[in-house]
K.L.:
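Below you'll find the structure I mean.
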2 protein chains.
Amino acid sequence: MRKASPDPQIEARRREPVPETVDPAIEALVHDVIGKVADKWTMLILEALHDHGTLRFTQLGKAVGRISQKMLTQTLRQMEKDGLVRRTVHPVIPPHVDYTLTPLGESLGAAFCGVWIWAETHHAEIQRARASFAEREAATSRLMASD
Amino acid sequence: MRKASPDPQIEARRREPVPETVDPAIEALVHDVIGKVADKWTMLILEALHDHGTLRFTQLGKAVGRISQKMLTQTLRQMEKDGLVRRTVHPVIPPHVDYTLTPLGESLGAAFCGVWIWAETHHAEIQRARASFAEREAATSRLMASD
DNA sequence: ATTTATACGCACCAAATGGAGAGTGTAGGA
DNA sequence: TCCTACACTCTCCATTTGGTGCGTATAAAT
């Protein structure tokens, strides 16, 4: 059942190089930014602040869901470094700290909006895709077993 | 210089609960999807396939940049499970495997488009923000030292 | 006098992530 | 006859991530 004869179409694509479209320097920068930003906690905090406007530390933690204080602090610091959030300390006792998005963070939140909407729209499809993948996998292993 | 008297505005926000806006069940689902998808390699592979259409394994690796074979395989498998990519095996020797986005993956790529554009537009701002954060940090530590 | 509330910092530990390098199977070319 | 191409898989190892629990300062409430 093995097809070992070379398909001419495939053969044609054999030594075809990777088509380049954009400047590699820009690519590197964008990849770096994506690397920093494409993090679960960053995205979730971004969403929470985008939705609620201004939140305090513990409120933010509850809004995000199951995040540890450590990760919350860590991610917020990184986001502050990147200029995405503004941290306001009110020198009262007990301490009171407010977090809010900067215009830059706000614009990123807006850019991510499409992704939230996608997730809300398509999560059912993903679940179906997973089920059918599991199905195919099971079928394959049945084939292997009867080999 | 410490202001310990309670600010009435802050006091008012003291026991204010986190404002809830959406159904927590939907939230949980979306967070789950985001958790799966908000991964550096997933986003980069998604971008590469969105740009180039169909790519083979090694081409894809080069298009993404510095990714190890292990991560490439692993991430592709996950994306296949989630129904984002279609994997086509041509039974020839040497092996030939094509990867392409499914309609679902294509729609996610479109949703992420806004984020690529954001990254391209704002990476200079991020770098400036980082510099000014470092500046402020240095100023703070100078203050601490002269304390 | 004791507790509570807040926003952390720190130390320790487990688990996940990710990279490097070697191995695999086989047809066709040097 | 040996080498190369391709798309992996596997093992070993280092780094990173993330959680838990404890400590802290201090005013107000009990």
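All values below were derived from every heavy atom in this structure, side-chain atoms included, with hydrogens, water molecules and symmetry-related copies excluded. Naming convention: chains lettered A, B, ... in sequence-line order (proteins, then strands); numbering from 1 in each chain.
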K.L.:
So, Arg136(B) versus Ser132(B): side-chain donor-acceptor pair below 3.5 Å or not?
P.N.:
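Short answer, yes.
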
K.L.:
Which residues pass the side-chain contact (heavy atoms from CB on, under 4.5 Å) test with Thr100(B), not counting sequence neighbours?
P.N.:
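Thr100(B) satisfies side-chain contact (heavy atoms from CB on, under 4.5 Å) with Thr54(B), Arg86(B) once adjacent residues are dropped.
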
K.L.:
With a cut-off of less than 4.0 Å, is there a side-chain N or O of Arg77(A) near OP1 or OP2 of dA7(C)?
P.N.:
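So the side-chain polar atoms of Arg77(A) never come under 4.0 Å of the phosphate oxygens OP1 or OP2 of dA7(C).
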
K.L.:
Holding to side-chain contact (heavy atoms from CB on, under 4.5 Å), I want the full list of residues that pass it with Ala119(B), two or more places apart in sequence or in another chain.
P.N.:
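Ala119(B): side-chain contact (heavy atoms from CB on, under 4.5 Å) contacts with Val30(A), Val33(A), Ile34(A).
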
K.L.:
Rounded to the nearest angstrom, tell me the gap between atom NZ in Lys62(A) and atom C1' in dA7(C).
P.N.:
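Lys62(A) atom NZ is separated from dA7(C) atom C1' by 14 Å.
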
K.L.:
I want to check one thing: is the phosphate of dC8(D), taken as OP1 and OP2, less than 4.0 Å away from some side-chain N or O of Arg87(B)?
P.N.:
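Arg87(B) to dC8(D) OP1/OP2: side-chain N or O found under 4.0 Å.
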
K.L.:
Taking only the side-chain nitrogens and oxygens of Thr58(B), find out if one of them lies under 4.0 Å from OP1 or OP2 of dA7(D).
P.N.:
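For dA7(D), OP1/OP2 do have a side-chain N/O of Thr58(B) under 4.0 Å.
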
K.L.:
What is the distance from OH of Tyr99(A) to C1' of dT6(C), rounded to the nearest Å?
P.N.:
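Going from OH in Tyr99(A) over to C1' in dT6(C) covers 11 Å.
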
K.L.:
Summarise how protein sits on nucleotides 15-25 of chain C as a single string, 5' to 3': B when a protein heavy atom is under 4.0 Å from the base, S for sugar-phosphate-only contact, - for no contact.
P.N.:
---BB-----B

K.L.:
Show every ring pair (Phe, Tyr, Trp, His ring centres under 6.0 Å) that has at least one partner inside residues 107-127 of chain A, sequence neighbours left out.
P.N.:
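Passing the test, one end in residues 107-127 of chain A: Trp118(A)-His122(A).
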
K.L.:
In whole angstroms, how far is the C1' atom of dA7(D) from the CD atom of Gln59(B)?
P.N.:
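Answer to the nearest Å: 13 Å.
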
K.L.:
With sequence neighbours excluded, what pairs up with Arg130(A) under the salt bridge (Lys or Arg N to Asp or Glu O under 4.0 Å) test?
P.N.:
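Salt bridge (Lys or Arg N to Asp or Glu O under 4.0 Å) list for Arg130(A), sorted by chain: Asp82(B).
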
K.L.:
Report all side-chain donor-acceptor pairs from residues 69-77 of chain B shorter than 3.5 Å, counting only partners two or more places apart or in another chain.
P.N.:
residue, atom, partner, partner atom, Å
Thr73(B), OG1, Gln69(B), O, 2.6
Thr75(B), OG1, Met71(B), O, 2.6

